[in-house]
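As the structure is a computational prediction, the values presented were derived from the model and not from experiment.
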Amino acid sequence: MIALYEAREEQFPTPVFNEIRAFNDHIAKCHLNDIDENQINEEIKLAERHIFRIIFDCYKFLNVSFHKEISEFENENRNIDLTIIDNGEFYPKYKKLKESAVQSVRAAKKVESLDIQKSFTNYENAFNAYSELVELISQKGTDVRWARNKLRIKRVLKIILWVLSACLSGL
């Protein structure tokens, strides 16, 4: 997940460094000479919590990254009729996945301080929906470009027709 974030954003998710350091600190304590079995078990439990937190934070960072990409896609294609893509099947899938991702993030944020496991599950669901949504957009990239070009052609034709009608009415 860290590698996926690095590939998408071209930077390391900095807050994860602290969790990695803390994880390693707990594991290192397990190798002290004077540590007993109960202390080792406690250190391992604490280390596991840091691994959980790393995954939790990665979900959050990746969801923000995906949301940013979706927002850019929508901004670039705001005037395009997305309902013509894939014989009308693209847009309902797109809206369903986006709504699922957004609702999962909202649900996760609502319970984050109350129920960390439920929040984790919601962030994971959002991650899965966003991943599927980004994949859908990627698969239909050619069709989106076609729809964008179709819009440009319509605009050019409107301008040409307006110019022609102005010239004809002047004659």
Peer 1: When you compare the side chain of K60 with that of V64, does any pair of heavy atoms fall below 4.5 Å?
Peer 2: no
Peer 1: What are the two closest heavy atoms between F52 and I116, and how far apart are they?
Peer 2: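 F52 and I116 have their closest heavy atoms at CE2-CG1, 3.7 Å.
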Peer 1: Quick check on R8: does its CZ atom have over 12 non-hydrogen neighbours (other residues, nucleotides or ligands) under 6.0 Å away?
Peer 2: yes
Peer 1: Go through it in stages, so that I can follow the logic: the residues are S119 and D115, the test is side-chain contact (heavy atoms from CB on, under 4.5 Å), and I'd like the CA-CA distance, side-chain angles, deciding distance and then a yes or no.
Peer 2: CA-CA 6 Å; S119 181; D115 186 347; over 6 Å; no
Peer 1: Quick one: does S169's side chain have a donor or acceptor within less than 3.5 Å of a partner on S165's backbone?
Peer 2: yes
Peer 1: For E132, I'd like to know if atom CD has over 12 heavy atoms of other residues, nucleotides or ligands within 6.0 Å.
Peer 2: no
Peer 1: Rounded to the nearest 0.5 Å, how far does CG of L82 lie from NZ of K95?
Peer 2: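 If I round to the nearest 0.5 Å, the distance is 9.5 Å.
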Peer 1: A quick test of your reading: do over 12 heavy atoms of other residues, nucleotides or ligands sit less than 6.0 Å from CD of E10?
Peer 2: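 Counting neighbours around CD of E10, 12 or fewer heavy atoms of other residues, nucleotides or ligands fall under 6.0 Å, so no.
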Peer 1: State the CG-NZ distance between L136 and K93, to the nearest 0.5 angstrom.
Peer 2: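 Rounded to the nearest 0.5 Å, the CG-NZ separation comes out at 6.5 Å.
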Peer 1: Between atom CD of E43 and atom NZ of K29, what is the distance when rounded to the nearest 0.5 Å?
Peer 2: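 With rounding to 0.5 Å, CD (E43) is 5.0 Å from NZ (K29).
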Peer 1: Could you list the cluster mates of L114? Members are the ILVMFWY residues connected by side-chain heavy atoms closer than 4.5 Å, either directly or through other members.
Peer 2: none
Peer 1: Test of understanding: clusters of I, L, V, M, F, W, Y form through side-chain heavy atoms closer than 4.5 Å, transitively. Do F66 and I55 belong to the same one?
Peer 2: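 Same cluster: F66 reaches I55 through Ile, Leu, Val, Met, Phe, Trp or Tyr contacts under 4.5 Å.
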Peer 1: What pairs with K68 under side chain to side chain contact (heavy atoms under 4.5 Å, CB included), at least two apart in sequence or on another chain?
Peer 2: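 For K68 the side chain to side chain contact (heavy atoms under 4.5 Å, CB included) partners, ignoring immediate neighbours, are E9, E72.
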Peer 1: F90 vs F73 aromatic rings, parallel, tilted or perpendicular, using cut-offs 30° and 60°?
Peer 2: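 The arrangement is perpendicular - the two ring planes meet at more than 60°.
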Peer 1: In terms of hydrophobic clusters joined by side-chain contacts under 4.5 Å, are L62 and F17 together?
Peer 2: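 Shared cluster, yes.
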Peer 1: To the nearest 0.5 Å, how far apart are NE2 in H50 and CZ in F56?
Peer 2: 14.5 Å
Peer 1: Quick one: pull up OG in S65 and CD in Q11 and give me the separation to the nearest 0.5 Å.
Peer 2: 9.5 Å
Peer 1: Would a distance-only check, ignoring hydrogens and angles, find a side-chain to backbone donor-acceptor pair under 3.5 Å from N75 to S71?
Peer 2: no
Peer 1: Under a 4.5 Å side-chain heavy-atom rule over Ile, Leu, Val, Met, Phe, Trp and Tyr, are L4 and Y59 clustered together?
Peer 2: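 Linked within one cluster.
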Peer 1: Please output the side-chain donor-acceptor pairs of residues 99-110 that fall under 3.5 Å, not counting sequence neighbours, one pair per line with the distance.
Peer 2:
{"unit_1": "E99", "atom_1": "OE2", "unit_2": "Q103", "atom_2": "NE2", "d": "2.6"}
{"unit_1": "S104", "atom_1": "OG", "unit_2": "S100", "atom_2": "O", "d": "2.9"}

Peer 1: Under the side chain to side chain contact (heavy atoms under 4.5 Å, CB included) rule, collect the residues that match up with I2, sequence neighbours excluded.
Peer 2: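 By the side chain to side chain contact (heavy atoms under 4.5 Å, CB included) rule, I2 matches E6, F12, P13, V16, I20, I54, C58.
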Peer 1: Clusters formed by hydrophobic residues whose side-chain heavy atoms approach within less than 4.5 Å: which one holds I44, and what are its other members?
Peer 2: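 Traced through the cluster, I44 reaches L32, I35, I40.
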Peer 1: In this structure, would I159 and W162 fall into the same cluster of hydrophobic residues linked by side-chain contacts under 4.5 Å?
Peer 2: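 Shared cluster, yes.
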Peer 1: Taking all atoms of both residues into account, what is the closest heavy-atom pair of N63 and Y123, and its distance?
Peer 2: ND2-O, 3.2 Å
Peer 1: Could you work out, with side chain to side chain contact (heavy atoms under 4.5 Å, CB included) as the rule, every residue matching I70, not counting sequence neighbours?
Peer 2: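 Side chain to side chain contact (heavy atoms under 4.5 Å, CB included) check on I70 returns E74, Y94, K98, Y130, L133, V134, I137.
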Peer 1: Kindly give the heavy-atom pair with the smallest separation between F23 and A47, and that separation in Å.
Peer 2: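 Looking at all heavy atoms of both residues, the closest pair is CD1-O, 3.4 Å.
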Peer 1: Working to the nearest 0.5 angstrom, can you tell me the gap between N18 CG and D25 CG?
Peer 2: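 N18 CG to D25 CG: 10.0 Å, rounded to 0.5 Å.
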